[in-house]
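Below, read A as the first sequence line, B as the second, and so on, with proteins coming before strands; counting in each chain starts at 1.
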Protein chains: 4
Amino acid sequence: MAPRSKDKRKKIIQAATKVFARHGFYHSKVSEIAKEAEVADGTIYLYFKNKDDLLISIFEESMDQILNLIRGEIETEPDPLAKLRRLVHLHMSMMERNPRLAEVIQVELRQSSKFMKEYQNVKFLAYLQVIAEVIEEGQREGLIHKEVSPAVFKRMLFGALDELALQWVLSKRRYSLADVAEQVTDIFLHGIEVAPSTRIVSLPGVAVPQA
Amino acid sequence: MAPRSKDKRKKIIQAATKVFARHGFYHSKVSEIAKEAEVADGTIYLYFKNKDDLLISIFEESMDQILNLIRGEIETEPDPLAKLRRLVHLHMSMMERNPRLAEVIQVELRQSSKFMKEYQNVKFLAYLQVIAEVIEEGQREGLIHKEVSPAVFKRMLFGALDELALQWVLSKRRYSLADVAEQVTDIFLHGIEVAPSTRIVSLPGVAVPQA
Amino acid sequence: MAPRSKDKRKKIIQAATKVFARHGFYHSKVSEIAKEAEVADGTIYLYFKNKDDLLISIFEESMDQILNLIRGEIETEPDPLAKLRRLVHLHMSMMERNPRLAEVIQVELRQSSKFMKEYQNVKFLAYLQVIAEVIEEGQREGLIHKEVSPAVFKRMLFGALDELALQWVLSKRRYSLADVAEQVTDIFLHGIEVAPSTRIVSLPGVAVPQA
Amino acid sequence: MAPRSKDKRKKIIQAATKVFARHGFYHSKVSEIAKEAEVADGTIYLYFKNKDDLLISIFEESMDQILNLIRGEIETEPDPLAKLRRLVHLHMSMMERNPRLAEVIQVELRQSSKFMKEYQNVKFLAYLQVIAEVIEEGQREGLIHKEVSPAVFKRMLFGALDELALQWVLSKRRYSLADVAEQVTDIFLHGIEVAPSTRIVSLPGVAVPQA
DNA sequence: GATGAATGAGCATTCATTCAT
DNA sequence: TATGAATGAATGCTCATTCAT
């Protein structure tokens with residue numbers, strides 16, 4: 001029952017990621033995944049319960065890796081604000097380095113969230129929790145406003161990153177996601193509003209110095 | 001097109017929204033939509049090219065409505081910041097009032113953006129453009145930082161709203177989205193960081209006044 | 001939902017009977033049945049729930065016909081013994097006239113009795129019941145021994161007829177089943193034992209008159 | 001073949017009998033048989049050509065045993081009629097002692113007779129032949145009517161026994177087959193008809209002595 | 001001999017779409 | 001316009017069998 005090799009499982013996961021990214025989950029054929037992985041159709045079923053399980057496994061294992069990487073990396077940052085900046089940067093650069101995985105996660109996660117309603121996406125929730133914890137830490141240290149709800153913020157941030165990564169994927173990755181990451185952090189940390197005290201009213205016909 | 005026909009088309013759109021929300025696009029059967037709309041299976045093909053076209057039409061028409069509503073409503077607001085606040089609020093309350101439509105847009109939009117890569121989702125882009133224009137207006141008026149890229153911001157904001165609405169849909173709508181809208185605006189407008197000048201270091205054992 | 005024609009259903013039943021007789025239930029392909037019936041594969045599923053249902057329907061409808069025929073025919077017979085003789089004859093001649101149906105019933109009934117354990121084969125039981133009732137009638141009229149259990153006898157008779165019909169089917173129907181029917185009735189009615197009183201002991205070397 | 005191998009073959013046969021009885025031939029998996037026999041899947045193919053061969057072997061070997069047993073046992077009986085009675089009794093008690101084997105023979109034999117049309121079921125034919133020989137012997141001795149065709153009778157008897165045993169198996173073996181055996185012999189030996197000379201007409205209102 | 005991971009042919013069933021009425 | 005019976009292409013999954021170890 002225990003399949004012979006770890007390699008084969010990995011090859012199937014990689015092939016499935018590739019194929020799902022190419023055609024989308026529903027339009028992907030198990031036989032194409034098998035061909036891509038250079039195994040027989042039936043072999044896939046030695047490692048995965050069914051096609052759905054394959055998709056779920058891609059998520060779980062990717063999320064697990066991302067989670068571990070991020071947890072390790074942000075630990076070394078000096079304060080919660082720096083951690084947040086680092087987290088955003090890591091998220092985007094991981095997507096940038098694994099565009100096919102990005103595509104699957106971006107495009108299929110929503111779809112799957114439907115058929116995985118019962119399935120508790122533990123890994124994904126853990127990922128969001130990392131964000132929430134950084135916020136809470138920042139609040140305890142007086143660096144982040146107490147009014148900010150960690151539960152709302154974690155989803156806002158993820159949603160923003162997710163949408164930007166999707167756009168990047170769909171645009172055929174023609175620009176740098178890392179640059180985008182900077183802007184995201186700036187906006188979330190400072191907001192977009194010019195503070196009223198420093199505001200300079202722009203009057204028509206009058207040249208104004210730019211901030 | 002006779003008025004009678006307009007009704008039928010509308011009934012089909014509504015039935016499809018209901019059914020797509022219930023089962024997701026791929027698991028929805030045309031025959032079930034027909035039954036729900038109280039028309040024959042074949043009748044659907046008199047109004048829509050195929051199943052995909054049905055999904056696209058739901059988007060287009062909903063987006064159109066949302067777009068028109070938002071454009072009209074924000075026009076009356078005094079300044080770009082108020083417009084932004086109003087836009088966020090409208091987005092969320094529309095979702096709140098049309099949960100089934102919300103579900104289709106939230107859950108199926110991503111999926112569809114994949115299989116409809118060629119199809120340019122004009123209405124959706126127009127919606128994003130409204131956001132960008134408000135930002136540009138704010139920047140011209142000196143109310144919004146010049147460094148903020150409207151192109152990036154519009155997707156960040158949409159992504160954040162989208163994710164929060166999805167969460168709300170999946171949570172079976174147990175809380176108020178309108179309340180969430182407030183928090184979103186606050187964070188985007190003010191950021192989450194406590195300004196260094198006003199920062200109060202929290203020292204153990206020393207009671208500190210809260211901001 | 002209600003399919004257009006009675007004819008189509010009948011054609012499918014006949015095609016299935018043919019194909020099941022040719023290859024056996026498990027080796028028959030739905031697509032071959034469809035081809036034989038000159039309908040599309042999917043059409044079969046408008047009339048039958050699935051492949052099993054097709055087999056069950058063949059049984060039910062055949063049994064129903066046989067049952068009705070037999071009930072009508074034996075009614076006209078003067079006494080229970082004549083009814084029994086007629087019943088056996090009818091059973092065999094029906095098989096003889098519908099060899100393919102015979103093959104399905106003979107060969108697949110047993111197999112199916114396995115997967116139809118839950119399914120109560122009402123028609124078959126009704127058929128057996130007809131036999132039992134004739135026996136009971138004969139016992140009331142003093143024509144049949146009281147010790148004979150109708151419940152046992154009905155299965156004995158059916159088993160005997162069934163086995164003989166099977167053999168006839170498998171032998172490529174090279175002899176007359178009607179003739180066999182006569183022998184069956186004789187044996188069941190008179191037994192095989194020569195009554196002791198009329199017994200003539202056969203002595204070696206002594207010619208004995210044959211009965 | 002080493003003694004060790006004989007054991008393994010036997011274990012496989014027994015496991016297969018068990019599994020076939022449980023699920024029927026077509027729904028039984030070779031892997032389940034292997035598990036039941038505590039051998040590897042591949043091992044089965046060292047002893048049997050394929051799954052069909054496994055079924056055939058069960059028949060052949062069981063029939064062989066039954067045949068030898070019956071031949072030995074009936075030899076000691078004084079006359080053909082006693083031999084017949086004994087044969088029926090032995091058949092039923094063997095089934096009663098090996099219900100799983102009974103199930104396979106009863107339920108799967110028919111099915112198999114189909115897909116094994118080429119395969120001549122020599123052992124089964126030999127079994128039937130034993131019956132025929134007893135009849136012929138009885139006819140030579142003047143104990144059995146000359147008109148009875150041994151070829152027809154052997155199948156009638158087998159069919160009756162088979163059907164009764166099947167019914168017993170399907171009824172979850174809730175009654176004694178040995179008792180049934182008695183009735184079968186009585187009916188076949190004496191018939192069911194009350195001899196006209198001894199017939200007592202049952203008149204309403206008149207008490208009649210029961211035979 | 002024994003193993004069990006790997007193979008891949010095989011097939012029932014679904015459902016979007018058509019078209020005769 | 002409207003119908004809905006008929007179509008038939010499309011595919012996930014099973015499991016008997018093989019063969020390298």
Heavy-atom side-chain contact between C:Glu61 and C:Arg9 under 4.5 Å: yes

Which of the following nucleotides, E:dG8, E:dT17, E:dT3, is nearest to the side chain of B:Asn50? E:dT17

Which residue lies more 5' along DNA chain E, comparing A:Gly42 with B:Lys49 via nearest heavy atoms: A:Gly42

Partner of A:Phe20 by ring-ring contact (aromatic ring centres under 6.0 Å, His included), out of A:Phe25, A:Phe59, A:Tyr26: A:Phe25

Nearest-Å distance for atom pair NZ/C1', residues A:Lys35 and F:dT11: 15 Å

Closest-nucleotide 5' rank along DNA chain E - winner of C:Thr43 and A:Thr43: A:Thr43

Between F:dA5 atom P and C:Ile44 atom CD1, what is the distance in whole Å? 17 Å

So, do D:Ile58 and D:Leu101 sit near enough that their side-chain heavy atoms are less than 4.5 Å apart? yes

Taking only side-chain N and O atoms of A:Lys8, does any of them lie within less than 4.0 angstrom of OP1 or OP2 on E:dA6? yes

Where the side chain of A:Lys29 is defined as all heavy atoms beyond and including C-beta, which of F:dG12, F:dG4, F:dA16 is the nearest nucleotide? F:dG12

Over all strands shown, is C:Val30 touching base, sugar-phosphate only, or nothing at heavy-atom distances under 4.0 angstrom? base

Over how many whole Å does the gap from A:Leu55 atom CG to F:dG12 atom P extend? 13 Å

Any C:Tyr47 side-chain nitrogen or oxygen under 4.0 Å from OP1 or OP2 of F:dA5: no

Would you mind telling me which residue lines up with the more 5' stretch of DNA chain F, A:Asp41 or B:Ala40, judged by nearest nucleotide? B:Ala40

Nearest-nucleotide pick for D:Tyr45, side chain only, options being F:dT3, F:dA16, E:dA12: F:dA16

When every non-hydrogen atom of B:Phe48 is compared with those of B:Asp53, the smallest separation belongs to CA-OD2, 3.5 Å

Given D:Glu36, which partner from the list D:Arg22, D:Lys29, D:Arg100, D:Lys11 fulfils the salt bridge (charged side-chain N to carboxylate O under 4.0 Å, His left out) test? D:Arg22

Rounded off to whole Å, could you give me the CD1-to-P distance for the D:Ile12 and E:dG1 pair? 11 Å

Quickly work out the B:Phe48 CZ to F:dT1 C1' distance and round it to whole Å. 16 Å

So do A:Ile13 and A:Thr17 actually touch side chain to side chain, heavy atoms under 4.5 Å? yes

Dot-bracket encoding per residue of DNA chain E, Watson-Crick/G-U cut-off under 3.5 Å, | denoting interstrand: .||||||||||||||||||||

Rounded interatomic separation in angstrom, taking NZ from B:Lys11 and P from F:dT1: 16 Å

Expressed in angstrom and rounded to an integer, what is the separation of C:Glu38 atom CD from F:dT7 atom C1'? 15 Å

Shortest non-hydrogen pair, A:Lys123 vs A:Glu60, comes out as CG-O, 3.8 Å

Check the pair C:Val104, C:Leu55 against side-chain contact (heavy atoms from CB on, under 4.5 Å), reporting the backbone distance first and the verdict last. CA-CA 9 Å; C:Val104 173; C:Leu55 180 58; 4.1 Å; yes

Length of the CD-C1' vector between C:Glu32 and E:dG10, whole Å: 14 Å

Picking from E:dT17, E:dT13, F:dG4, the nucleotide nearest the side-chain atoms of B:Lys51 would be E:dT17

